[in-house]
Amino acid sequence: MRKTLALPVLVLLAALPAGAQAPAEPPAAQSPAQRYFGDTVLVDQDGREVRFYSDLLQGKIFVMDFIYTRCVGPCPILSGTFAKLQERLGDRLGKDVFLLSFSVDPEYDTPARLKEYAGRFHARPGWSFLTGSRQNVETVLRKLGQWVDSPEQHQTLFILGNEHTGLWKKAFGLAKPEDLFPVIDTVVDDPGSAQ
């Protein structure tokens, strides 16, 4: 009897797409966000593999943007706003709040290129620059509604999320930082159902 039960599990594991992880718990025990986003593997600017939901979103408050390192238009503005935001967050960065910059050009934006780009903005721990295989990056960006066929077509949105409370918002990333920060604060400081 045990041999027949083991075979379907092996078939299931063999059928997973490259870079995907088998769920650690049964789908019924997963949160709706975990079921939706999944654990597609990405790579950060230090070459570390990270799982999309479990490592980047689960139990966290985050602000996301979408950039590429060859961009000479809006990307430096978005990253400049993130640099100001990291200063504003102070010690909360990497503890309470995380900044996530996703490359929309994964074939060019290697971890080394992202690390160099991060250095231009003095990115501190808590601000991750993410890339990976084209397939995995496309999977994640499609879940976020941000996949584009050409990097130049990317949107200039910030996606804000508080996984503790379930509050998600979008903000226009090219707005003045002083106009963006109050919107970000509503997500970062959301009390959820505590009120």
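Rounded to the nearest 0.5 Å, atoms CG (Leu56) and CZ (Phe37) are 11.0 Å apart. Atoms CG and OG1, on Asp189 and Thr165 in that order, are 10.5 Å from each other to the nearest 0.5 Å. Atoms CZ and NZ, from Arg120 and Lys115 in turn, are 14.5 Å apart once rounded to the nearest 0.5 Å. Put simply, CG on Asn136 and OG1 on Thr131 are 10.0 Å apart, with the number rounded to the nearest 0.5 Å. We find the CG-CG distance between Leu114 and Asp44 to be 9.0 Å, quoted to the nearest 0.5 Å. Rounding to the nearest 0.5 angstrom, the gap separating the CG atom in Asp190 from the CG atom in Asp185 is 11.5 Å.
With contacts defined as side-chain heavy-atom distances shorter than 4.5 Å, the pair Leu99/Leu93 qualifies. Looking at Leu100 and Leu57, their side chains come closer than 4.5 Å, going by heavy atoms from C-beta outward. Phe66 has its side chain within reach of Leu144: a pair of non-hydrogen atoms, C-beta onward, lies under 4.5 Å apart. In this structure the side chain of Cys75 reaches within 4.5 angstrom of the side chain of His154, judged on heavy atoms. Side-chain contact check for Leu174 versus Pro74: some heavy-atom pair is nearer than 4.5 Å. Using a 4.5 Å heavy-atom threshold, the side chains of Glu87 and Arg124 count as touching. Side-chain contact between Thr69 and Tyr108: present, with at least one pair of heavy atoms (C-beta onward) separated by less than 4.5 Å.
Nearest approach of Trp168 to Gly161, heavy atoms of both residues: CD2-CA, 4.2 Å. Taking all atoms of both residues into account, the shortest heavy-atom contact from Leu160 to Ala171 is CD1-CB, 4.5 Å. When all heavy atoms of Pro111 and Gly47 are compared, the pair lying nearest together is CB-N, 4.0 Å. Of all heavy-atom pairs spanning Val137 and Pro106, the tightest one is CG2-CB, 3.7 Å. Residues Val187 and Asn162 approach most closely at O-ND2, 2.9 Å, considering heavy atoms.
Between the side chain of Glu163 and the backbone N or O of Gly59 there is at least one donor-acceptor pair closer than 3.5 Å. Under the 3.5 Å distance criterion, the side-chain polar atoms of Asp39 are matched with a main-chain donor or acceptor of Ser54. Looking only at distances, no side-chain donor or acceptor of Asp46 sits under 3.5 Å from a matching main-chain atom of Arg48. With Gln86 contributing its side chain and His122 its backbone, the two residues share a donor-acceptor pair below 3.5 Å. Of the possible polar contacts, one joining the Gln45 side chain to the Phe129 backbone as a donor-acceptor pair under 3.5 Å is found. Under a 3.5 Å cut-off, the side chain of Lys60 and the backbone N or O of Asp55 do form a donor-acceptor pair.
Phe52 and Leu157 fall into different hydrophobic clusters, defined by Ile, Leu, Val, Met, Phe, Trp and Tyr side-chain heavy atoms under 4.5 Å apart, directly or through other members.
Ser133 and Gln135 share no side-chain donor-acceptor pair at under 3.5 Å. Residues Ser101 and Tyr117 bring no donor and acceptor atom of their side chains to less than 3.5 Å of each other.
Across Leu78, Asp105, Ile77, Thr156, a single residue satisfies side chain to side chain contact (heavy atoms under 4.5 Å, CB included) together with Ile67, and that is Leu78. Only one option out of Val104, Ile159, Val140 pairs with Gln146 in a side chain to side chain contact (heavy atoms under 4.5 Å, CB included); it is Ile159.
Ring orientation note: the planes of Phe82 and Phe158 are tilted relative to one another, at an angle of 30° to 60°. The aromatic rings of Trp127 and Phe121 lie tilted to each other, with the angle between the two planes from 30° to 60°.
Heavy-atom contacts from other residues, nucleotides or ligands closer than 6.0 Å to CG of Asp91 number 12 or fewer.
Between Arg113 and Asp109, none of the side-chain N atoms (NZ, or NE/NH1/NH2) sits under 4.0 Å from a carboxylate O, so this pair counts as no salt bridge.
Annotation: cation-pi pair Lys143/Tyr36 present, NZ/CZ under 6.0 Å from the ring centroid and within 45° of its normal.
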